[in-house]
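Some notes on the structure that comes next.
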There are 2 protein chains.
Amino acid sequence: MSIAVELRHIRYFIAVAEERNFTRAAARLGIGQPPLSAQIKDLEAEIGTQLFHRVAHGAELTEAGEAFLAAVKPLPEEAAAAIRAARRAARGEIGQLSVGLTGTAALNPLFPAVIRSFRRSYPDVELRIVEANSVVLLASLVEGRLDVAVLRPAESDPADLREERLIDEPLVAALPAAHPAARKPAEKTSEGLDLSTLREEPFILTPRSVGTSLHDAALAACRKVGFEPRLGPPASQIASILSLVAAEFGVSLVPASLSELNVPGVAFRRLSAPEPCVGLVVAYRKHRPPPLALNFARVARAIASA
Amino acid sequence: MSIAVELRHIRYFIAVAEERNFTRAAARLGIGQPPLSAQIKDLEAEIGTQLFHRVAHGAELTEAGEAFLAAVKPLPEEAAAAIRAARRAARGEIGQLSVGLTGTAALNPLFPAVIRSFRRSYPDVELRIVEANSVVLLASLVEGRLDVAVLRPAESDPADLREERLIDEPLVAALPAAHPAARKPAEKTSEGLDLSTLREEPFILTPRSVGTSLHDAALAACRKVGFEPRLGPPASQIASILSLVAAEFGVSLVPASLSELNVPGVAFRRLSAPEPCVGLVVAYRKHRPPPLALNFARVARAIASA
DNA sequence: CCACAGCTATACTCATTACATATGAAGAAC
DNA sequence: GTTCTTCATATGTAATGAGTATAGCTGTGG
């Protein structure tokens, strides 16, 4: 016999309590007075006590009614807030977003600009930024530990990720400062360095196990100009590469944005055309990407194309 | 088109979210799976976004679903708590109770005992205790500023109050310590003082405007033994009466419980039979007394008869 | 590769109930 | 006393929540 209490009962009850009058409350609710009386009656039966004293000129709250009113008053607004929260989450306006970032992307000025813009557009999103190598990033994306990542693409990237190219970035030579090829860059009109002049140098690259993209791009560039590079000691992070170059263990090919860095003992030289390039993409799962990931990708594309 | 969100939707949603499976959630809710699916569908339509990803082995929360779950999770319990609060309020277990207290009742040991017992039985009730003269108490009761009062009854008390007699208390004479009639109380077997021996003394009484009960009881006692008392200076509070007696402005008749007080310069003497009496009652509105007032009265009766 | 198991969605019916309309009863105000 | 206001009751109706049966989809195991 016990009828479940519904938000409808609570809304009706609050209306009557506020109007202190069934008829006016019914008008405010847009229903007739008899059904309103019936609903309140049901509610009272369920609670097991009167909530209103019916008097000639209206209805007054009983003690139980006062207690009930105090307790249920916030409920309709809480329900409405829940709906708003769900809608905002669906639009990707609230929630947590885990952004992965590969080492060389972190050094590109694009990335801080994207983050700045995203935070301005979505101030209520909790951002978590994780830096890791491409292999880790891709695995984390696929397994859901990351929602989106900015990284350098490779053909071997999982097929169930969507990658949107943000920019293409030329590779430049990173040379020990004392290297003969490092001398020339004084003139502005200087042509790019001919990569083949580095054919005898050991190349410092990241091991293929932590990211195929840069590794393969560097190899491909060398092969294109006719030599198979000799590999120097591997370096798993971009900072290590530059350190090894500075220590004259060899040369390297790195994204142009790294030439902004002033690393003592390292000189950067652009290469002569055709410059080899590596891309920078924003990646997320094709399957049910979080709305926030899509929003992040959109912001990133907007910044990249600006 | 738009269907109001009800607690039912929320209960169902939470069940599915927790089970991550429509079929099991339906079983837990005691309904069939198709109606559950329909209700969730309605909810999603109302919110305007999917709350679950339907996958082969069940249902997973979307971002919107996660946000909605976090927001609605407490609602069912809040509604249940509201019902409990209303029930408790109806039983007079919670709420505020304003207790009025007349001056001479405050000095009776019964009162602290009642308060102690009430607080033990109803620990969640917020007690407010107001001391005032009977006229103010009665008016406050009728007008709803007080819920219950402990006072001395009079025939003139409003008819829409119910008064339950707690105890009858003899009146005793309050005499200046130097008064001849104050000398005799040494022997335990001493007979009471004959009131008529005080016929020439001025009587210090509270003015009738602040409380008819004691005033009329004292007058009636004097008349019963054959004299019309001469009135001394009026005193509006019981403390003032005793002060004036100590100052030898006259004598008074006061409830026996006051003889517990050690007031320098005042001696108390019991009167000879038939001892005049004043009652002590607990009073509350006949019309819709708050449940708490009834509970208070019940506790008071229990203590008084113990 | 096919059949099966498990899950959700759809189609349809039934019982419930929330609502509207009309009316009655009771108390306050004039 | 009369009238007005207010809430309660009676009754019919339309909406809807829930039940039953079934179809569709998706991984799994033989």
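Order of the sequence lines fixes the chain letters, A, B, ..., with proteins taken first and strands second; residue numbering starts at 1 for each chain.
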**OP:** May I have the distance from B/Glu44 (atom CD) to C/dA9 (atom C1'), rounded to whole angstrom?
**Re:** 12 Å
**OP:** Test A/Lys73 against B/Glu78 for salt bridge (Lys or Arg N to Asp or Glu O under 4.0 Å), laying out the working first.
**Re:** CA-CA 11 Å; A/Lys73 196 135 190 201; B/Glu78 284 179 43; over 6 Å; no
Original post:
Taking atom CD of B/Gln50 and atom CG of B/Leu61, what is their separation to the nearest 0.5 Å?
Top reply: 12.0 Å
Original post:
Considering the options A/Asn295, A/Val99, A/Leu292, which one meets the side-chain contact (heavy atoms from CB on, under 4.5 Å) requirement together with A/Val148?
Top reply: A/Val99
Subject >> Residue A/Ile31, side-chain heavy atoms: nucleotide from C/dA20, C/dT8, D/dC7 that is nearest >> reply: C/dA20
**OP:** Please determine, for the side chain of A/Arg24, which listed nucleotide (D/dG17, D/dT6, D/dA8) has the closest atom?
**Re:** D/dT6
**OP:** Please tell me if the side chains of A/Asp147 and A/Arg285 come closer than 4.5 Å, counting only heavy atoms from C-beta onward.
**Re:** yes
Original post:
What is the per-nucleotide protein-contact pattern of nucleotides 24-30 of chain C, from the 5' end, where B denotes a base atom under 4.0 Å from a protein heavy atom, S denotes such proximity for sugar-phosphate atoms only, and - denotes neither?
Top reply: ---SS--
**OP:** Round to a whole Å and report the spacing from CD1 of B/Ile3 to P of C/dA18.
**Re:** 15 Å
**OP:** With the side chain counted from C-beta on, respond yes when B/Ser98 and B/Arg145 share a heavy-atom pair under 4.5 Å apart, and no when they do not.
**Re:** no
Original post:
Once you round it to whole Å, what is the distance between P of D/dG24 and CZ of B/Arg54?
Top reply: 19 Å
Original post:
Expressed in angstrom and rounded to an integer, what is the separation of A/Asp42 atom CG from C/dC19 atom C1'?
Top reply: 13 Å
Original post:
Under a 4.0 Å heavy-atom cut-off, which of residues 33-41 of chain A touch DNA chain C?
Top reply: A/Pro34, A/Pro35, A/Gln39
Subject >> Given C/dA20, C/dT8, C/dA18, the nucleotide with the shortest approach to the side chain of A/Arg8 >> reply: C/dA18
**OP:** Could you tell me, to 10°, how much the axis swings from one end of the helix from C/dC1-D/dG30 to C/dC30-D/dG1 to the other, five pairs per end?
**Re:** 20°
Original post:
CD of A/Glu155: more than 12 outside heavy atoms within 6.0 angstrom?
Top reply: no
Subject >> Other residues, nucleotides, ligands: >12 heavy atoms within 6.0 Å of A/Lys286 NZ >> reply: yes
Original post:
ring pair (Phe, Tyr, Trp, His ring centres under 6.0 Å): which pairs involve residues 130-162 of chain B, sequence neighbours left out?
Top reply: none
Original post:
Can a salt bridge be assigned to the pair A/Glu77 and A/Arg11 using a cut-off of 4.0 Å between side-chain N and carboxylate O?
Top reply: no
Original post:
Charged N to carboxylate O below 4.0 Å: is that the case for A/Arg301 and A/Glu164?
Top reply: yes
Subject >> Residues B/Arg28 and B/Glu19 bridged, charged N to O under 4.0 Å >> reply: yes
Subject >> Contacting residues from residues 9-21 of chain A, given that a heavy atom lies under 4.0 angstrom of DNA chain C >> reply: A/Tyr12
Original post:
Can you tell me if CZ on A/Arg119 sees more than 12 non-hydrogen neighbours from other groups inside 6.0 Å?
Top reply: no
Subject >> Note: B/Glu93-B/Arg91 ion pair, threshold 4.0 Å (strictly below) >> reply: yes
Original post:
Can you name the ring-ring contact (aromatic ring centres under 6.0 Å, His included) partners of B/Phe52, sequence neighbours left out?
Top reply: B/Phe13, B/Phe22
**OP:** From the options D/dG17, D/dC7, C/dA18, select the nucleotide whose nearest atom is closest to the side chain of A/Thr23.
**Re:** D/dC7
Original post:
Starting at CG of B/Leu7 and ending at C1' of D/dG17, how long is that distance when rounded to a whole Å?
Top reply: 16 Å
Subject >> Whole-Å gap separating C1' (D/dC7) and CD (A/Glu60) >> reply: 14 Å
